[in-house]
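The structure appears right after this line, and notes come after that.
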Amino acid sequence: MIPLMNVSRQYESIKEKMDQAISRVLYSGQYVIGQEVMAFEKEFAEYCGVKYAISVGNGTDALEIALKACGIGAGDEVITCAMSFFSTAEAIAAAGATPVFVDCVRNTGLIDTEKIKERITENTKAILPIHLYGQCADMDRINTIAKEYKLKVIEDAAQAAGAAYKGNKAGSIGDVGCISFFPTKNLGAVGDGGIITTNNEEIYRQCMAYRVHGSGLNGLYTFGKINNIEVSEDRVNFGGNHPKYFNYVIGKNSRLDEIQAAILSVKLTYLDEWNSKRREIAEIYDKRINNRTLSKLHVLSENLPIYYVYILSTEKRDDLRTYLQKNEIGSGVYFPLPIHLQVAFKDLGYQKGDMPNSEYIAEHTIAIPMFPELTQKEIEKVIKALNEWEP
Ligand SMILES: *Cc1c(COP(=O)(O)O)cnc(C)c1O
């Protein structure tokens with residue numbers, strides 16, 4: 001079986017360094033927010049080209065915390081795309097706001113920027129585009145609209161670590177970026193993890209507060225922001241007690257473990273190489289898959305994508321899945337049900353037909369094996385099987 005994704009081959013390729021990193025943490029006796037986390041945050045901020053990076057427990061928390069740090073909560077609306085992983089919209093709801101869905105463009109899966117303005121109301125506070133499949137949304141257009149209507153831009157870069165738009169890394173283009181380190185993402189931990197990136201100190205300080213129970217000076221700072229009052233941090237006296245026991249806003253416990261940070265530090269040094277490898281494989285697929293019943297995704301000229309997944313679309317998607325299965329080739333569907341049709345959001349009142357392109361993608365696309373360690377032989381087998389498929 002050729003897997004759709006495979007993370008153990010990656011482990012084998014850097015086993016010694018990963019084992020060393022894990023053992024270093026185990027011996028250190030510090031397992032939560034210590035040197036490894038602080039070092040990794042610094043490395044990642046530098047890699048991404050931003051001033052601040054705040055690591056958190058997972059990509060979903062990254063989104064929720066980033067939204068809250070942008071001052072978004074009850075009564076607010078956030079415009080996002082119906083074609084994404086559920087948690088994009090779940091995070092908006094968890095922050096207390098309402099997700100407002102816009103359809104995607106059919107041949108990219110990216111938010112249709114032509115349809116954003118018509119969904120803006122006086123309650124709209126932010127646009128949350130998704131860099132789906134590892135290529136950035138049309139960020140110039142989104143930033144222009146955001147500027148005109150004074151909205152924040154939160155990038156869901158969960159599938160796009162290291163991708164670039166006009167030379168700028170995903171996560172550095174809006175006001176704040178959110179990245180997931182779920183094991184099968186292109187920069188994956190060995191468990192859950194996520195990170196928030198920003199150049200904005202106000203957002204940074206509020207993210208720092210929300211990830212640890214709204215406590216300490218960052219918590220007090222956030223309290224001041226929420227209530228629109230001046231707080232004098234230099235006059236706070238914790239009476240000799242640890243600031244973490246003084247809580248100013250309701251936050252979360254959402255931290256990256258030291259072990260995950262140590263592993264991610266090792267992996268980050270390989271990320272560009274792995275992303276290039278993904279692009280090489282995609283180029284081979286682009287050139288050599290020539291079955292006329294299969295269409296490929298369009299890549300915007302501004303983008304340097306990282307191919308988190310490689311997507312094909314076809315009228316007979318489910319037949320193709322069965323065929324690939326029979327040929328011992330893994331495949332996946334991203335995602336089988338667009339968010340506006342998820343039961344969890346039924347109260348928002350969307351109907352089938354509201355987002356035709358998202359619905360089309362949900363029913364007609366398939367992801368084929370894509371990870372840097374795919375062998376030439378496996379790539380050949382995938383191409384051959386696809387080219388021989390007769391729907
Ligand atoms: C994976 C993913 C997330 C959530 O990340 P987790 O780390 O699994 O919480 C959010 N948005 C998109 C687009 C994703 O692919």
Side-chain angles (χ1 to χ4, degrees), residues 3-14 17-18 40-41 43-50 53 55 59 62 85 108-110 129-137 139 155-174 177-190 193-195 197 260-261 263-288 296-312 332 334 367-376 378-379 382:
L4 173 69
M5 294 172 177
N6 179 305
V7 288
S8 42
R9 282 190 207 173
Q10 189 167 75
Y11 169 60
E12 281 165 35
S13 76
I14 54 168
K17 285 187 182 170
M18 269 176 70
F40 175 66
E41 286 176 338
E43 290 155 15
F44 196 84
E46 215 160 278
Y47 175 81
C48 202
V50 292
S55 62
F85 180 53
T108 62
L110 302 171
I130 300 105
H131 301 326
L132 200 71
Y133 309 140
Q135 83 157 320
C136 291
M139 292 306 291
E155 302 172 64
D156 183 341
Q159 303 187 355
Y165 174 90
K166 292 191 169 174
N168 298 309
K169 290 260 163 64
S172 73
I173 314 163
C178 303
I179 289 163
S180 164
F181 301 131
F182 184 80
T184 51
K185 297 284 155 93
N186 66 312
L187 176 58
V190 296
I195 205 161
T197 50
Q260 303 300 348
I263 284 169
L264 288 163
S265 280
V266 171
K267 288 195 174 188
L268 185 60
T269 63
Y270 294 93
L271 184 61
D272 283 340
E273 189 185 317
W274 288 335
N275 285 345
S276 303
K277 195 75 205 159
R278 285 171 180 272
R279 278 191 293 272
E280 276 170 36
I281 297 167
E283 206 179 309
I284 300 173
Y285 281 158
D286 283 345
K287 275 202 195 118
R288 305 256 319 276
K296 290 152 194 158
L297 222 59
H298 175 68
V299 175
L300 306 177
S301 61
E302 295 88 345
N303 271 326
L304 183 69
I306 56 86
Y307 294 94
Y308 164 61
V309 286
Y310 188 93
I311 298 287
L312 292 168
Y334 298 84
I368 59 172
M370 169 56 82
F371 52 95
E373 299 79 15
L374 263 181
T375 65
Q376 193 62 36
E378 288 170 326
I379 296 169
V382 172

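This one's a predicted model, so the numbers in the text were calculated from it and none came from an experiment.
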Reported OH-to-CG distance for the pair Tyr307 and Asn186, which is rounded to 0.5 angstrom:
13.5 Å

Under 3.5 Å donor-acceptor, Asn303 side chain and Pro305 backbone
no

If I compare all heavy atoms of Tyr133 with all of Gln159, which pair ends up nearest, and what's the gap?
N-OE1, 2.7 Å

N/O donor-acceptor pair under 3.5 Å between Thr197 side chain and Gly171 backbone
yes

Can a donor-acceptor pair be found, under 3.5 Å and without considering hydrogens, that links the side chain of Glu41 to the backbone of Ser55?
yes

How close do Ala53 and Ile195 get, heavy atom to heavy atom, and via which atoms?
CB-CD1, 3.8 Å

Minimum-distance pair of heavy atoms, taken over all atoms of Leu187 and Ala161
CB-CB, 4.1 Å

Can you tell me how far apart CD1 (Ile368) and CG (Leu374) are? Round to the nearest 0.5 Å.
9.0 Å

Before you tell me yes or no, could you show the steps for Glu283 and Lys287 under salt bridge (charged side-chain N to carboxylate O under 4.0 Å, His left out), namely the whole-Å CA-CA distance, both residues' side-chain angles and the distance that decides it to 0.1 Å?
CA-CA 6 Å; Glu283 206 179 309; Lys287 275 202 195 118; 3.4 Å; yes

Interatomic spacing from OG1 in Thr269 to NZ in Lys17 - rounded to 0.5 Å:
5.5 Å

Identify, with sequence neighbours excluded, every residue that meets ring-ring contact (aromatic ring centres under 6.0 Å, His included) alongside Phe44.
Phe40, Phe181

NZ of Lys185 to CD1 of Ile306, rounded to nearest 0.5 Å, is 10.5 Å

Is it the case that the side chain of Gln260 and the backbone of Val190 share a donor-acceptor pair, with hydrogens and angles ignored and the cut-off at 3.5 Å?
yes

Residues in side-chain contact (heavy atoms from CB on, under 4.5 Å) contact with Phe85, at least two apart in sequence or another chain:
Ser87, Phe335

Taking all atoms of both residues into account, what is the closest heavy-atom pair of Cys136 and Ala170, and its distance?
SG-CB, 3.9 Å

Distance-only, no hydrogens or angles: does the Lys296 side chain make a donor-acceptor pair with backbone N or O of Asp286 under 3.5 Å?
yes

With sequence neighbours left out, what residues match Tyr285 under ring-ring contact (aromatic ring centres under 6.0 Å, His included)?
Tyr310

After noting the C-alpha distance and the side-chain angles of Met18 and Ile263, does the key distance pass the side-chain contact (heavy atoms from CB on, under 4.5 Å) rule?
CA-CA 6 Å; Met18 269 176 70; Ile263 284 169; 4.0 Å; yes

May I have the step-by-step check of side-chain contact (heavy atoms from CB on, under 4.5 Å) for Met139 and Glu155, ending in yes or no?
CA-CA 9 Å; Met139 292 306 291; Glu155 302 172 64; 3.8 Å; yes

In Å, rounded to the nearest 0.5 Å, how long is the span from CH2 of Trp274 to CD of Glu373?
7.0 Å

Ignoring hydrogens, what is the shortest heavy-atom contact between Lys169 and Ile173? Give both atom names and the distance.
O-CG1, 3.5 Å

Tyr308 OH to Gln135 CD distance, which is reported to the nearest 0.5 Å:
15.5 Å

Are the charged groups of Glu273 and Lys277 less than 4.0 angstrom apart, N to O?
no

For a quick test of reading the model, state the closest non-hydrogen atom pair linking Ala160 to His131 and the distance between them.
CB-CB, 3.7 Å

Let's go through Ile14 and Val266 carefully: what are the C-alpha distance in whole Å and the side-chain angles of both, what is the deciding distance for side-chain contact (heavy atoms from CB on, under 4.5 Å) to 0.1 Å, and is it a yes or a no?
CA-CA 9 Å; Ile14 54 168; Val266 171; 4.2 Å; yes

One pair to check against side-chain contact (heavy atoms from CB on, under 4.5 Å): Tyr47 and Asp272. What are the steps and the verdict?
CA-CA 10 Å; Tyr47 175 81; Asp272 283 340; 2.6 Å; yes

